Number of protein chains: 2
Amino acid sequence: MDKEISQAVISRLPRYLRYLGDLKDRNVERISSSELSVLMKVTASQIRQDLNNFGGFGQQGYGYNVDFLYSEISKILGLEHQYNFIIIGAGNLGKALGGYLNFEKRGFIFKGMFDKDPSLIGTEVRGVKVMSMEELPGFIRSGNIDIAVLTIPKEGAVLVAKVLVENGIKAIWNFAHVDLDVPENVQVENVHLSDSLMKLSYNISSYDQTKK
Amino acid sequence: MDKEISQAVISRLPRYLRYLGDLKDRNVERISSSELSVLMKVTASQIRQDLNNFGGFGQQGYGYNVDFLYSEISKILGLEHQYNFIIIGAGNLGKALGGYLNFEKRGFIFKGMFDKDPSLIGTEVRGVKVMSMEELPGFIRSGNIDIAVLTIPKEGAVLVAKVLVENGIKAIWNFAHVDLDVPENVQVENVHLSDSLMKLSYNISSYDQTKK
DNA sequence: CGCTAATTGACAATATTTTAACACAAGATG
DNA sequence: CATCTTGTGTTAAAATATTGTCAATTAGCG
């Protein structure tokens with residue numbers, strides 16, 4: 001019986017990976033939880049506890065081997081897989097994400113792009129042609145697509161999500177400003193930019209008030 | 001002595017605001033915490049507790065007035081202010097954010113854009129000209145700029161953040177894939193897109209494994 | 001090859017966050 | 001105008017998450 005890992009822990013793993021990647025680049029071979037805790041400004045205890053959710057990656061008296069830990073966390077995050085993704089919505093944000101080369105390095109392969117606007121259909125982003133929405137269901141089914149990136153206004157998002165789910169998508173990276181209601185076999189990760197901006201707004205005005 | 005409001009609560013406020021906005025659009029006048037809890041799929045208890053951090057906005061036997069609650073949460077989030085923002089990095093993501101009209105509605109005013117690439121300088125995004133990095137310090141100082149949006153690669157981000165802080169920026173909305181170290185009077189909100197994508201990756205492969 | 005210092009992994013102790021329970025005010029009903 | 005229902009605000013309990021501590025183990029060194 002595997003115990004469930006909390007999302008709080010998962011959310012921290014990419015950050016560990018980032019710092020370990022930096023250490024790798026600087027040819028650091030080993031690191032202790034307390035050294036890492038200084039770099040990352042978290043407690044050493046939390047680092048150890050987080051890692052021990054997945055097994056003992058360190059060695060007493062030595063610490064953690066940077067390369068080994070990096071690759072273990074990569075595995076945990078599923079980054080040894082390749083995932084094919086498509087982008088729905090060829091606006092600026094869609095184009096920005098499609099053009100972002102680093103995703104490719106992590107095993108996320110950009111396979112297709114869709115939009116309902118006829119003037120965008122046929123244009124290209126990084127060698128990938130924008131297709132019409134009519135072509136979407138067939139493309140998912142035949143192209144072994146895992147992830148759909150939703151970069152369309154919230155009005156259309158719910159309906160499009162329905163189509164995605166019906167055609168067997170595994171996951172949705174949702175930038176539309178609406179909560180999607182999907183079956184539990186479909187993973188959703190929301191990026192609500194305006195929520196993030198409002199949090200910033202809160203922190204600005206809250207700081208201004210305490211200062212005053 | 002005001003007790004500190006936890007970031008967990010703050011993070012939920014924009015979502016409340018979103019649902020309340022939808023209710024407003026549908027001309028719903030009042031709503032109870034339990035009705036809202038069904039819509040939002042959270043406990044009614046949490047809603048009441050969250051709101052009561054800031055004061056009693058509801059009325060016994062009546063519930064919450066939608067318009068009133070909407071405007072109260074807006075105030076809490078500091079959305080009655082206007083904030084001027086600039087974007088550093090005129091790549092696709094920067095252009096996407098600059099072109100996003102909804103921010104304007106919330107009181108975030110797009111004032112300037114900067115890039116180090118000479119071929120981009122002089123181009124326009126929604127009527128705003130891209131300027132050179134040399135012009136940045138003066139622009140912040142003279143233009144009453146509150147927020148800087150950082151959409152540049154991580155290599156340059158730390159240095160640019162330093163410049164921003166030195167010239168009196170209040171807040172940084174950081175899309176660069178690096179943690180910024182700034183004084184406590186500067187608010188930072190991170191949007192690490194690859195972290196988010198990795199979380200999605202984890203959830204896909206973790207679901208695949210339990211299913212197997 | 002054995003001793004010392006370092007450092008993990010496990011677990012106990014705190015702290016925080018979420019959920020539940022409930023007394024009671026406000027409004028509705030007849 | 002008495003009674004009943006609704007639904008808040010608040011306090012208490014439960015569940016999660018974080019931090020501190022320490023025995024056990026190992027690397028490094030003489």
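Since we're looking at a predicted model, the values are computed, not measured. Here is how names work: the chains are called A, B, and so on, in the same order as the sequence lines, proteins then strands, and each is numbered from 1.
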**Q** Applying ring pair (Phe, Tyr, Trp, His ring centres under 6.0 Å), can you list everything that pairs with B:Y19, at least two apart in sequence or on another chain?
**A** none
**Q** Keeping to residues at least two apart or across chains, list the salt bridge (charged side-chain N to carboxylate O under 4.0 Å, His left out) pairs with something in residues 175-198 of chain A.
**A**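 As it turns out, the salt bridge (charged side-chain N to carboxylate O under 4.0 Å, His left out) pairs with a partner in residues 175-198 of chain A, which skip direct neighbours, are A:D179-B:R15, A:D179-B:R18, A:D181-B:K41, A:E189-B:K199, A:D195-B:R18.
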**Q** The criterion is salt bridge (Lys or Arg N to Asp or Glu O under 4.0 Å); which residues satisfy it with A:E29, sequence neighbours excluded?
**A**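 Salt bridge (Lys or Arg N to Asp or Glu O under 4.0 Å) list for A:E29, sorted by chain: empty.
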**Q** Scan residues 150-161 of chain B for pairs that pass side-chain hydrogen bond (donor to acceptor under 3.5 Å, both in side chains), counting only residues two or more places apart or in two chains.
**A** none
**Q** Can you name the side-chain contact (heavy atoms from CB on, under 4.5 Å) partners of A:V182, sequence neighbours left out?
**A**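 Testing A:V182 for side-chain contact (heavy atoms from CB on, under 4.5 Å), a comparison that skips the adjacent residues, returns A:V165, A:I172, A:L180, A:V186, A:V188.
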**Q** In residues 28-36 of chain A, which residues come under 4.0 Å of DNA chain C by heavy atom?
**A** A:R30, A:S32, A:S33
**Q** Show me the protein contacts with nucleotides 14-21 of chain D, counting only N or O atoms at under 3.5 Å.
**A**
unit_1	atom_1	unit_2	atom_2	d
D:dT18	OP1	A:R12	NH1	2.9
D:dT18	OP2	A:R12	NH1	3.2
D:dT18	OP2	A:R12	NH2	2.8
D:dT19	OP2	A:T43	OG1	3.1
D:dT19	O4	A:Q49	OE1	3.2
D:dG20	N7	A:S45	OG	2.4
D:dG20	O6	A:S45	OG	3.1
D:dT21	O4	A:R48	NH2	3.2

**Q** Give, ordered by number, those residues of residues 55-69 of chain A having at least one heavy-atom distance below 4.0 Å to an atom of DNA chain D; if nothing qualifies, reply none.
**A** A:Q59, A:Q60, A:G61, A:Y62
**Q** Distance-only check: which donor-acceptor pairs under 3.5 Å involve side-chain atoms of residues 69-76 of chain A, not counting sequence neighbours?
**A**
unit_1	atom_1	unit_2	atom_2	d
A:Y70	OH	A:R106	NH1	3.0
A:S71	OG	A:F68	O	3.4
A:E72	OE2	A:K75	NZ	3.2
A:S74	OG	A:Y70	O	3.0

**Q** Name the first nucleotide and the last nucleotide along DNA chain C (5' to 3') that come under 4.0 Å of a heavy atom in chain A.
**A** C:dA6 to C:dC11
**Q** Checking side-chain hydrogen bond (donor to acceptor under 3.5 Å, both in side chains) between A:N203 and each of B:K170, B:Q7, B:Q187, which is the one that passes?
**A** B:Q7
**Q** Using five pairs at each end of the helix from C:dC1-D:dG30 to C:dG30-D:dC1 to define an axis, what is the angle between those two axes, to 10°?
**A** 20°
**Q** Among side-chain atoms of A:K105 and A:N102, is any donor-acceptor pair under 3.5 angstrom?
**A** yes
**Q** Go through the structure and list residues passing side-chain contact (heavy atoms from CB on, under 4.5 Å) with B:V160, not counting sequence neighbours.
**A** B:I88, B:M133, B:L150, B:I152, B:L164
